[in-house]
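So the structure is just underneath, and the comments pick up after that.
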Amino acid sequence: MQIGVHYASFSHPGWQDSLTERLAATARAADQGGVELFTVMDHWFQMEQLGGPTEPMLEGYTTLGYLAGLTEQLRLGLLVTGVTYRHPGLLAKTVATLDRLSGGRAMLGIGAAWYDREHTGLGVPFPSTSERFERLDEALRICRQMWGSDDGAFAGEHYRLAETVCVPPTVQERLPILIGGSGERKTLRLVARHADACNLFGEGPNVVAHKLEVLREHCSTEGTDYDAIRKTVIVMADPLADADGFLREAEAYAALGVDLLTSTPHGDDPVAWTTQVCEQVLPRLQQL
């Protein structure tokens, strides 16, 4: 099993003077320490659970482009892009550019979006839940088309593109798409239909086992290979607070087919936290 670092908060002490340096040092520590995936959020306002709009928040793809130039091994992505944030043709171009400049390390993490306050705050349309999922389905189809050999038109209910040109192409022959969320009726159905990976909330092995059974049923309906979809989980527990307990839960997730756990840095020093996780927890996790 592997680990991912999700850099969700920039509000560490002294961020006004050291935000960029601390982010860069954390990414380098992850890159050198064997972390597989480094993600940031796709928000314009910080989530209210982490302090709300008065707290710092960087734009996601600009941040990933910066980190691509500082790292060599890390896969880079947003956990996750909201479908309402960018027109899908521009999103596909942006992620293809990240893949090219990172040497083939980009991942598209995407979901239906949920944070209505930042949309209202910045004047961005925020459609109904049902329409956002319709748009998500079309956006995924557009990305696959733009990253493939078909540069012709796309005509959907919500998006119409006259040309799906994307030059230069992605470095990866199949750029991985991860869909975030655990919704059983819509989200997991779209995972079965379009995704290379899912990211489930770490609500415990029993809950995740149920979600994966739902995903398996959707794969059967969609005619896709359940085993070909990578299973990842984001956990809230601090691996350093109780490493043995964290690894016991990781072992239970591994038994379900999960092979990557993502955790957010805890405490005031994300660089030290990441370094210690790589040294103290990751080697044991990789043995599962």
Heavy-atom count check: over 12 atoms from other residues, nucleotides or ligands less than 6.0 Å from Q280 CD? yes
Apply side-chain contact (heavy atoms from CB on, under 4.5 Å) to the pair L19 and L58, showing each step before the final yes or no. CA-CA 10 Å; L19 183 154; L58 298 180; 3.6 Å; yes
Hey, are E213 and R216 close enough for a salt bridge, meaning a charged N less than 4.0 Å from a carboxylate O? yes
What I want to find out is whether K186 reaches D137 closely enough, with some N-O distance under 4.0 Å, to be called a salt bridge. no
Tell me, please, whether Y226 has K231 positioned over its six-membered ring: NZ or CZ under 6.0 Å from the ring centre and within 45 degrees of its axis? yes
Give, for atom OG1 of T97 and atom CG of L90, the distance between the pair rounded to the nearest 0.5 Å. 10.5 Å
Answer yes if V271 and L23 sit in the same cluster of Ile, Leu, Val, Met, Phe, Trp and Tyr residues linked by side chain heavy atoms under 4.5 Å apart, and no otherwise. no
For residues 57-92, which residue pairs qualify under ring pair (Phe, Tyr, Trp, His ring centres under 6.0 Å), counting only residues two or more places apart or in two chains? W44-Y85, Y85-H119, H87-Y159
The reported gap from OG1 in T120 to CZ in F45 (rounded to nearest 0.5 angstrom) is 9.0 Å
Do any N or O atoms from the side chain of S102 and from the backbone of A68 form a donor-acceptor pair under 3.5 angstrom? no
Pair E59, T62: side-chain N/O donor-acceptor within cut-off below 3.5 Å: yes
Whether R160 side chain and A155 backbone form a donor-acceptor pair below 3.5 Å: no
If you count every heavy atom of other residues, nucleotides or ligands that lies below 6.0 Å from Q49 atom CD, does the total exceed 12? yes
In Å and rounded to the nearest 0.5 Å, what is the CG to CD1 distance from L79 to I110? 12.5 Å
Is the shortest side-chain N to carboxylate O distance from D196 to R230 below 4.0 Å? no
What one should report as the nearest heavy-atom pair of V281 and P239 is CG2-O, 3.9 Å
T274 OG1 to L240 CG distance, which is reported to the nearest 0.5 Å: 9.0 Å
Using a 4.5 Å cut-off on heavy atoms from C-beta on, say whether the side chain of Y115 contacts that of E48. yes
Could you walk me through whether V80 and L178 pass the side-chain contact (heavy atoms from CB on, under 4.5 Å) check? CA-CA 8 Å; V80 292; L178 175 149; 4.0 Å; yes
Should we count CD of E251 as having more than 12 external heavy atoms under 6.0 Å? no
Should H43 and W114 be marked as a ring-ring contact (aromatic ring centres under 6.0 Å, His included) after you check the CA-CA gap, both sets of side-chain angles, and the distance that decides it? CA-CA 10 Å; H43 285 303; W114 61 271; 5.5 Å; yes
Quick one: do the T39 and R75 side chains pair a donor with an acceptor below 3.5 Å? no
Hey, is CD on E72 packed in by over 12 heavy atoms from elsewhere, all under 6.0 Å? no
Any side-chain donor near an acceptor of the partner, T164 and D151, under 3.5 Å: no
Beyond-backbone contact of R86 with T81, side-chain heavy atoms, under 4.5 angstrom: yes
Do side-chain atoms of Q286 reach the backbone of Q2 as a donor and acceptor pair under 3.5 angstrom? no
With no hydrogens and no angle check, do the side chains of W147 and D99 hold a donor and an acceptor under 3.5 Å apart? no
Check: E184/H218 side-chain N/O donor and acceptor closer than 3.5 Å: no
Derivation of the salt bridge (Lys or Arg N to Asp or Glu O under 4.0 Å) call for R284 and D244: CA-CA 10 Å; R284 298 172 64 188; D244 290 339; 2.9 Å; yes
Hey, is the main chain of H158 close enough, under 3.5 Å, to the side chain of E138 for a donor-acceptor pair? yes
Are L136 and F154 connected into the same hydrophobic cluster when the rule is that any two of I, L, V, M, F, W, Y join if their side-chain heavy atoms are below 4.5 Å apart? yes
What distance do W273 atom CH2 and C278 atom SG have between them, rounded to the nearest 0.5 Å? 8.5 Å
Just by modelled atom types, is the A8 backbone N or O under 3.5 Å from a matching donor or acceptor in the Q46 side chain? yes
Interatomic spacing from CE in M47 to CE in M57 - rounded to 0.5 Å: 7.0 Å
